[in-house]
Amino acid sequence: MSEIPKANEPQSVESKWYDFWLKQECFTADPARVSATRPAYSIVIPPPNVTGVLTLGHVLNNTIQDILARKARMDGKEVLWLPGTDHAGIATQNVVEKTMKKAGEIKHRNDLGREALVAKIWDWKEKYGGIILQQLKALGASCDWTRTRFTMDPEYSRCVQKVFVDLYKKGLIYRGKRMVNWCPASLTALSDEEVTMKEQKGFMYHFKVEVAEVPGTFLTIATTRPETIPGDTAVAVNPKDPRYAHLIGKHIVRPLPVEVPREQKLIPIIGDDHVDFEFGTGVLKVTPAHDKADFEIGQRHQLPVVEVIEADGKMNALAGQDLNGLDRFAARKLAVEKLTELGSLEKQEPYTNNVGYSERADVPIEPRLSEQWFLKYPSVDASKKCVAGGEMKFFPDRWAKVYDHWMGGIQDWCISRQLWWGHRIPVWTAEFPSEEIAKQSEVLLRELGDKVTFHREGKKISAATAHDGTEHFFAMHGWHQDPDVLDTWFSSWLWPFATMGWTGDKDTDAKNPTLQAFYPTTDLVTGPDIIFFWVARMIMAGYEYMGDLPFRNVYFTGIIRDKQGRKMSKSLGNSPDPLDLIAKYGADALRFGVMRAAPLGQDILFDEQNVELGRNFCNKLWNACRFRQMQGGEAQGEIDVSKLRSDDKWILLKLHAAIKELDTAFAEYRFSDATATLYRFFYSEYCDWYVESCKAVLPRPATDAPSPSPLNGERAGVRGEDGQDAGAVENTPPHPGPLPPVGRGGEGEDARKAAAAANVVAVMDFVLSHTLRLFHPFVPFITEELWHGMGYATDMPDAQGGKSIMHAPWPKPFDTDFRDHYSLDDCYLEFVNAKFDLVSKGRNLRAEARIAANKKVKFIFKSDRDLPPNDIEVIKLLLNAETLEINPEYVPGKNVSSVKAEMGELYLPLEGHVDVAGETVRLAKELEKIVVEITKVEQKLANPSFAQKVPAEVLTEHRKRLEDWIAKRDHVQKAIDGLKE
RNA sequence: GGGCGAUUGGCGCAGUGGUAGCGCAGCAGCUUUACACGCUGUGGGUCGGGGGUUCGAAUCCCUCAUCGCCCA
């Protein structure tokens with residue numbers, strides 16, 4: 001048999017258990033198991049990009065979901081955590097196109113054509129599409145992988161089409177020529193949400209133009225975009241502006257393009273209320289083709305729309321021969337040069353403004369007039385109400401305001417994209433030779449009934465359909481399908497129900513067990529950056545198509561930043577690969593470290609130290625179990641109430657308190673509070689105090705005894721596929737014989753000691769078996785390993801932890817019966833706390849006297865009460881005392897250091913080598929602090945209105961506080977006097 | 001310009017009216033019945049500034065400042 005691993009070895013343990021969970025189908029949700037006593041719990045994963053790789057953001061987000069899912073399983077719920085990926089239109093098409101260009105396979109996507117490129121992307125998806133899901137497995141994510149969905153699965157695509165057709169039928173989807181956000185790099189329209197405003201340093205150019213009708217009169221125009229001058233079709237002033245109002249109706253000479261022969265175009269001066277007096281010079285150049293606000297002015301005044309910038313961001317012939325073919329930014333420079341040459345440019349000054357950038361391609365977007373599909377949002381009122389009314393809760397709740405504000409002012413959603421990868425718009429059009437023939441076709445279409453929705457404009461018919469047969473029909477009869485695809489979010493907004501097999505047919509859906517059991521979902525965990533993109537839209541789709549909200553709670557994570565507070569980015573190189581961290585520290589360590597650093601509603605400053613801390617924590621857990629295991633004895637023996645020591649009751653009460661705290665933390669989604677509780681309970685309460693106190697009872701290990709029973713993976717009872725405990729038969733049983741007799745007392749004494757030790761071990765088992773369960777959602781692998789290794793799984797029914805800790809019941813705070821039975825009275829908390837206060841103060845005395853921690857010394861304790869022998873033993877052990885003399889009559893002589901504790905006074909004779917000067921200084925300092933405190937309390941009590949107005953218990957508390965401080969002062973004073981003698 | 005959030009020891013955070021706390025880092029000591037990925041002890045903060053309410057303010061109100069996010 002191998003040596004005891006001194007440290008936890010996550011690498012082998014983690015993959016072993018993940019395989020086990022999969023084989024045992026632990027993550028598979030079965031709607032048939034849902035009942036009144038076994039409620040459903042569901043989460044749908046925010047689908048990562050199919051080409052994505054795991055980032056720390058995913059780690060945070062998915063760890064939270066896993067914690068919720070695992071906690072719900074332990075709460076006895078039927079859990080569905082539904083995973084999947086998103087086709088991510090622009091991002092994915094870009095990746096594949098770029099790769100092919102780099103490899104020299106194509107120069108442009110047109111080299112391949114639509115069908116071939118889409119086929120290539122599918123190949124790519126098949127090859128690399130699963131990567132991120134595999135990585136989630138390394139993290140321990142307990143998703144139901146049998147239900148993995150992709151937004152372009154055939155069934156899912158069918159949902160998208162159905163919804164499109166339905167909204168089209170309702171008149172909410174329409175096609176129109178509008179100003180849209182155009183991405184000149186990706187060559188597609190974008191929604192408003194895909195545009196991020198960035199501050200940009202540029203120039204404000206002031207140039208003058210002559211009024212044609214009044215030669216010699218000039219107007220000065222300020223602009224940041226002189227390259228668009230050739231597209232100007234008017235200049236506008238505010239009709240109330242006394243400087244310019246009289247010029248309305250006249251014309252100016254447009255300086256660009258420079259016409260050859262030189263006959264500059266004249267454009268009108270118009271009056272428009274929307275012109276801001278204050279901005280620039282108060283004269284606005286109007287470029288209807290290239291600016292949203294200008295377009296609206298143009299509409300109001302019937303101005304011509306002159307496009308001078310092409311889709312790819314290059315200037316065209318209408319911009320004049322100087323600018324023609326130049327990129328828009330190069331054109332800006334040249335336009336400035338031209339204005340200078342003409343003597344038109346008056347000045348240019350540095351200017352910072354906000355420019356919309358394409359979120360994907362990171363280039364400035366170009367407002368552009370184009371024909372696109374738009375959606376007028378459905379179910380807006382219900383969607384607003386459910387959040388405002390508290391039916392759906394946001395954590396932290398301030399996001400509810402942000403949501404409400406956005407919902408209050410939403411604009412129609414531009415849903416078409418000029419891409420090939422995605423859901424193609426299910427609309428076919430045909431232009432017929434004559435209106436007559438078109439009308440005949442209408443009759444044919446009408447025969448198709450519900451399957452098709454159409455409308456005719458003259459000779460042209462557009463028809464929308466989500467029906468297989470009709471698609472075929474259209475293809476056969478020479479109709480043309482709209483070339484555009486839908487915005488990716490137009491598919492992901494259906495995620496909560498489309499992933500569950502929604503069809504849109506009421507009868508079918510009513511018989512869909514998954515949908516019936518798991519919709520609405522319980523929790524959604526996502527980043528606030530997609531609150532509009534995704535969350536808000538899912539809510540609207542939920543109401544529109546399911547008649548109900550899609551989730552009850554939304555948890556918004558923070559953003560992961562580096563320890564300097566900068567966002568994680570590839571270019572900064574400050575984004576560690578989670579898989580490297582998992583390889584180095586283990587997934588449990590990464591999970592715990594990240595969760596501990598992630599308070600609700602705050603960004604997370606990531607530092608590898610967090611992960612290191614997580615690893616240390618797991619190691620501590622490992623070793624605490626190892627220590628228990630070294631004691632031998634039966635697993636989870638009976639606890640004999642009559643043998644419970646104060647320390648045993650104390651740790652049980654602390655466990656009870658920890659469970660209560662955890663319940664609160666979970667109810668409020670405060671995960672960092674939960675980890676803080678676990679950390680404190682386990683380190684400070686269990687390891688530092690309780691285990692140490694047990695050493696007063698546990699037998700000292702015989703030096704020549706064989707190695708204690710090992711706790712390692714081989715023995716940890718992984719079951720084979722047949723459900724049998726594969727390892728148990730041939731391996732040594734986990735628990736060796738009874739505790740060895742030790743000590744020199746008689747037979748009775750030995751038996752008594754052994755029984756006392758066995759009882760302490762039983763308490764340890766009780767606490768550890770609870771602790772492992774409390775930890776399991778956070779650190780699933782190590783807890784599963786220990787759960788089996790410690791033998792806690794053995795006596796449990798399969799469904800209650802016998803197979804896996806993930807099905808063990810989540811601990812409940814102890815009820816009155818339990819506490820009565822074990823006489824867990826709060827007085828034990830106070831008593832043991834006081835004991836530990838005494839120990840702390842005694843240890844401090846040792847340290848102040850510079851006595852090495854390993855040196856045994858004599859203490860005298862002047863106690864104000866009788867102490868049971870165990871408590872004396874514990875104090876003695878924890879003080880590392882050679883002897884602990886209990887003497888209520890003790891009068892200290894010279895060279896005795898002392899301290900007043902809650903329980904009484906503790907003395908440490910220093911046997912001659914006391915540093916009188918040093919000790920005097922120390923005590924003087926302490927006295928000083930005490931006096932400050934006394935003054936503070938005295939001042940408060942001396943205030944007449946204090947006594948009058950303060951609640952009685954506050955007054956009593958202050959008086960008691962004063963008494964305590966005075967007693968301490970007297971003690972210290974006595975000690976100082978003693979030193980002087 | 002509007003809204004939201006933050007500001008507490010070197011760092012990260014908790015603390016919503018009653019003695020300022022935790023973790024990390026620091027310092028000192030320690031192979032002590034598991035764990036040096038550990039143990040013990042310890043120093044360090046007038047709670048961003050100013051004003052107000054109150055017997056009493058990190059906490060409530062006003063105001064200013066700095067940083068961050070969202071919207072226009």
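What you are looking at is a predicted structure, and each value in this text was computed from that prediction instead of being measured. In what follows, every heavy atom counts, from backbone to side chain, and hydrogens, waters and symmetry copies are set aside.
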*Where the side chain of A:Cys687 is defined as all heavy atoms beyond and including C-beta, which of B:G23, B:G5, B:A34 is the nearest nucleotide?*
B:A34
*asked:* Using a strict threshold of under 4.0 Å (side-chain N to carboxylate O), is an ion pair present between A:Lys968 and A:Asp964?
replied: no
*Between B:A14 and B:A28, how far is it from one P atom to the other, in whole Å?*
32 Å
*asked:* Does the structure show a Watson-Crick or G-U wobble partner for B:U40, both distances under 3.5 Å? Name it, or say none.
replied: B:A28
_If you only use heavy atoms from C-beta on, which nucleotide in B:A72, B:C37, B:C30 is closest to the side chain of A:Ala853?_
B:C30
*Heavy atoms under 4.0 Å, any strand shown: does A:Ser840 hit a base, just sugar-phosphate, or nothing?*
sugar-phosphate
*With respect to the side chain of A:His405, which nucleotide from B:U19, B:C71, B:C30 is positioned closest?*
B:C71
*Rounded C1' spacing from B:G44 to B:A20 in Å*: 13 Å
_I need the NZ-P distance between A:Lys940 and B:G18, as an integer number of Å._
9 Å
*asked:* Let's see if you can work this out: which of B:A72, B:U40, B:G68 has an atom nearest to the side-chain heavy atoms of A:Arg561?
replied: B:G68
*Are A:Arg843 and B:G41 close enough that a side-chain N or O sits under 4.0 Å from OP1 or OP2?*
yes
*asked:* Which residue in the set A:Leu590, A:Asn616, A:Ile582 passes side chain to side chain contact (heavy atoms under 4.5 Å, CB included) when paired with A:Val611?
replied: A:Leu590
*Measure from the side chain of A:Asp688, starting at C-beta and using heavy atoms only, and say which of B:U40, B:C70, B:C35 lies closest.*
B:U40
*Scan A:Arg961 against the nucleic acid and name what it touches under 4.0 Å (heavy atoms): base, sugar-phosphate only, or nothing.*
base
*Identify the nucleotide, in any strand shown, that forms a Watson-Crick or G-U wobble pair with B:U19, with both distances under 3.5 Å; if there is none, say none.*
none
_Whether the side chain of A:Glu692 and the base of B:A34 hold a donor-acceptor pair under 3.5 Å is what I'd like checked._
yes
*Candidates B:G41, B:U19, B:G23 - which lies nearest the side chain of A:Trp965*: B:U19
*Go ahead and name the base partner of B:U66; Watson-Crick or wobble counts if both distances stay under 3.5 Å, otherwise write none.*
B:A6
*Measure from the side-chain heavy atoms of A:Gln609 and tell me the nearest of B:G23, B:C35, B:A25.*
B:A25
*A:Tyr679 side-chain proximity, nearest of B:C24, B:C39, B:G41*: B:C24
*asked:* Centroid separation under 6.0 Å, is that true for the rings of A:Trp406 and A:Phe532?
replied: yes
*Nearest-nucleotide comparison on RNA chain B, the residue closer to the 5′ end among A:His958 and A:Lys929*: A:His958
*A:Asn844 side-chain proximity, nearest of B:G41, B:G43, B:G18*: B:G41
*What is the pairing partner of B:G1, taking Watson-Crick or G-U wobble pairs with both distances under 3.5 Å in any strand?*
B:C71
*Side chain of A:Leu613: nearest nucleotide among B:A34, B:C24, B:A20?*
B:C24
